[in-house]
Peer 1: 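Got a structure for you, written out below as structure tokens; questions coming shortly.
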Protein chains: 2
Amino acid sequence: MTGTDQSSRQQLVAGAADMIRRRGLNATSIREVAKHAGTPLGSTYHYFPGGKHQLAAEAVRYAAGTVASIIAAKLRAGPVEGLQAFLTLWRTVITSTDFQAGCPVLAVSIESVSIEESPAALTAAAEAFTTWSAHLAESLREHGVAATRAAHLATLIVAAVEGAVAMCRAQRSTDPLDQTATELTALVQAAISR
Amino acid sequence: MTGTDQSSRQQLVAGAADMIRRRGLNATSIREVAKHAGTPLGSTYHYFPGGKHQLAAEAVRYAAGTVASIIAAKLRAGPVEGLQAFLTLWRTVITSTDFQAGCPVLAVSIESVSIEESPAALTAAAEAFTTWSAHLAESLREHGVAATRAAHLATLIVAAVEGAVAMCRAQRSTDPLDQTATELTALVQAAISR
DNA sequence: GTCTATACGAAGATAGAC
DNA sequence: GTCTATCTTCGTATAGAC
């Protein structure tokens with residue numbers, strides 16, 4: 001386990017995550033991921049014997065982990081701050097890429113049809129959504145929101161933001177996310193101040 | 001323009017919409033759409049000279065129009081009834097296909113990266129979201145919700161439902177949509193009863 | 001262990017037979 | 001006008017040279 005090995009491997013994972021969030025899972029080819037990482041095609045199958053499924057699953061976990069770390073850190077300041085961080089994160093993604101990138105977890109959720117076709121990647125996507133929601137729900141509970149309501153509210157936040165990011169890409173405008181942000185912020189503030 | 005022509009054409013469009021909502025845009029091949037419709041491959045390019053882009057765009061408009069008709073009809077009974085119809089519609093889609101189908105509009109929004117790559121389909125997706133939101137917003141305004149708030153709330157509804165459907169597919173559970181439904185229904189009821 | 005070269009299938013699109 | 005056969009490119013994956 002040398003440093004070079006890990007950096008090549010990590011570059012493949014990060015590159016795959018970037019391509020998936022831009023073009024989707026099916027339009028992300030191993031060939032191009034390898035080329036982008038500067039590694040030969042064969043190396044990919046050395047690092048990821050499971051082929052594209054394995055690479056996709058790791059890419060989802062990588063991207064999901066990054067997002068989870070950010071919101072978990074910001075949630076320590078409170079649910080509203082965590083929500084703001086979540087919203088800002090995705091707004092930055094779409095604006096900094098001129099609406100060309102979105103969420104790789106959502107892409108995998110839509111393109112991995114059955115468990116049989118891409119088991120690991122779809123499972124990783126499901127876990128990502130669960131983790132994000134759980135972080136938000138926990139913070140809401142800590143601020144006095146009842147457990148059931150907190151869970152529902154957390155799910156709504158994740159669903160709404162994911163959907164809004166996709167709408168922003170289609171419309172080439174940040175309006176859907178900004179409008180969603182306004183509603184969600186008001187909703188969370190009302191929930192924790194009762 | 002014989003009856004047979006139009007039915008073949010429509011079968012291609014409907015078949016494409018079904019495949020896109022299940023597998024996504026990139027995994028939907030013209031070959032398989034043609035086979036499923038029982039028409040030769042060449043016919044597809046006769047009906048759709050613009051190739052896959054044109055077929056995808058028409059598939060999106062077809063699916064989006066169906067959804068728009070349903071919610072527009074139910075919205076006449078009020079915003080809550082329209083929301084319920086929107087929610088029920090998607091819940092039926094995911095449960096009747098064992099979580100294998102979702103929204104084709106969302107799939108196209110995520111997989112059509114740039115305007116250059118798939119201009120017509122992405123434009124059709126943007127219009128679908130706009131149309132759905134506009135219907136909901138209009139109904140909310142008619143029930144006393146201020147114009148700006150109505151627009152924001154309508155966007156939140158579309159975004160949240162689209163995101164929730166994708167989450168349901170990843171988690172193979174209707175919980176995300178059901179929890180989102182609870183929150184959205186309460187939110188709309190509160191908005192129109194003030 | 002790393003990488004080049006290749007096998008094999010399927011994609012979008014079209015040319016040309018009927 | 002309809003459809004068959006084919007062109008070209010690109011996908012995943014692997015076999016085998018270094």
Side-chain angles (χ1 to χ4, degrees), chain A residues 1-13 15-16 18-20 22-60 107-108 111-114 116-122, chain B residues 1-13 15-17 19-20 22-60 107-108 111-114 116-122:
Chain A
M1 144 144 91
T2 73
T4 310
D5 278 0
Q6 290 311 305
S7 93
S8 281
R9 225 194 102 98
Q10 264 314 104
Q11 264 192 323
L12 286 168
V13 172
D18 187 59
M19 276 180 66
I20 291 170
R22 290 173 184 269
R23 317 183 184 179
L25 179 58
N26 284 309
T28 296
S29 70
I30 305 275
R31 279 186 132 88
E32 212 167 343
V33 171
K35 181 187 286 183
H36 192 266
T39 65
L41 178 61
S43 299
T44 309
Y45 290 89
H46 168 65
Y47 292 123
F48 309 94
K52 189 174 181 177
H53 291 341
Q54 183 182 356
L55 177 56
E58 296 207 24
V60 168
V108 168
E111 296 184 74
S112 303
V113 171
S114 66
E116 286 74 29
E117 186 182 322
S118 190
L122 194 59
Chain B
M1 151 143 78
T2 73
T4 310
D5 279 0
Q6 290 311 303
S7 94
S8 282
R9 223 195 103 101
Q10 264 312 105
Q11 264 193 324
L12 286 168
V13 171
M19 278 183 64
I20 290 170
R22 289 173 184 271
R23 318 183 183 179
L25 178 59
N26 284 309
T28 297
S29 70
I30 304 278
R31 287 184 127 85
E32 212 166 342
V33 172
K35 181 187 290 184
H36 193 268
T39 65
L41 178 60
S43 299
T44 310
Y45 290 90
H46 167 66
Y47 292 124
F48 308 94
K52 189 173 180 177
H53 291 340
Q54 184 183 353
L55 178 57
E58 297 206 24
V60 168
V108 168
E111 296 184 78
S112 303
V113 170
S114 66
E116 285 75 27
E117 186 183 323
S118 188
L122 194 59

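Proteins come first, then strands; the chains are lettered A, B, ... in the order of their sequence lines, and each starts at number 1. Computation of the quantities below employed the complete heavy-atom set of this structure, encompassing side-chain atoms and omitting hydrogens, waters and symmetry-equivalent molecules. Treat the numbers as computed from the prediction; the structure is a model and nothing was measured.
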Peer 1: Please identify each residue that fulfils side chain to side chain contact (heavy atoms under 4.5 Å, CB included) with Glu32(B), with sequence neighbours left out.
Peer 2: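 So Glu32(B) forms a side chain to side chain contact (heavy atoms under 4.5 Å, CB included) with Met19(B), Arg23(B), Ser29(B).
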Peer 1: How many whole angstroms separate atom NE2 of His53(B) from atom C1' of dA11(C)?
Peer 2: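 These atoms are roughly 13 Å apart.
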Peer 1: Tell me which residues in residues 27-42 of chain A lie within less than 4.0 Å of DNA chain C, going by non-hydrogen atoms.
Peer 2: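 DNA chain C contact set from residues 27-42 of chain A: Arg31(A), Pro40(A), Gly42(A).
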Peer 1: Take the protein atom CG of Asn26(A) and the nucleotide atom P of dG12(C), then report the distance between them rounded to whole Å.
Peer 2: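 Distance check: Asn26(A) CG to dG12(C) P gives 12 Å.
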Peer 1: Who are the side-chain hydrogen bond (donor to acceptor under 3.5 Å, both in side chains) partners of Asp18(A), not counting sequence neighbours?
Peer 2: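 Partners of Asp18(A) by the side-chain hydrogen bond (donor to acceptor under 3.5 Å, both in side chains) criterion, ordered by chain and then number, come out as Arg21(A), Arg22(A).
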Peer 1: How many whole angstroms separate atom CZ of Phe48(B) from atom P of dG12(C)?
Peer 2: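 In whole Å, dG12(C) P and Phe48(B) CZ are 14 Å from each other.
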Peer 1: Over how many whole Å does the gap from Gln54(A) atom CD to dT12(D) atom P extend?
Peer 2: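 So the two atoms are 15 Å apart, to the nearest Å.
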Peer 1: If a pair satisfies side chain to side chain donor-acceptor pair (under 3.5 Å) and one of its residues is in residues 33-43 of chain A, list it, with sequence neighbours excluded.
Peer 2: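 Passing the test, one end in residues 33-43 of chain A: no pairs.
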Peer 1: Side chains of Ile30(A) and Tyr45(A): does their closest heavy-atom pair fall under 4.5 Å?
Peer 2: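 A side-chain contact exists here, since the closest heavy-atom pair is under 4.5 Å.
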Peer 1: Does Glu111(B) reach the main-chain N or O of Gly24(A) with its side chain, forming a donor-acceptor pair under 3.5 Å?
Peer 2: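 No.
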Peer 1: Please check if the side chain of Arg31(A) supplies one atom and the backbone of Leu41(A) the other of a donor-acceptor pair under 3.5 Å.
Peer 2: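 No.
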Peer 1: What is the distance, to the nearest angstrom, from the OH atom on Tyr45(A) to the C1' atom on dT6(C)?
Peer 2: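 So the two atoms are 14 Å apart, to the nearest Å.
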Peer 1: If only side-chain N and O atoms of His46(B) are considered, is one of them under 4.0 Å from the OP1 or OP2 phosphate oxygen of dT2(D)?
Peer 2: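 Indeed, a polar side-chain atom of His46(B) lies that close.
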Peer 1: Check side-chain hydrogen bond (donor to acceptor under 3.5 Å, both in side chains) between Gln54(B) and all other residues, then give those that pass, not counting sequence neighbours.
Peer 2: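 Checked Gln54(B) against side-chain hydrogen bond (donor to acceptor under 3.5 Å, both in side chains); matches are Glu58(B).
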Peer 1: Show me the protein contacts with nucleotides 16-18 of chain C, counting only N or O atoms at under 3.5 Å.
Peer 2:
none

Peer 1: Among dT12(D), dG1(D), dG12(C), which nucleotide sits nearest the side chain of Lys52(A)?
Peer 2: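 Among the listed nucleotides, the one closest to the side chain of Lys52(A) is dT12(D).
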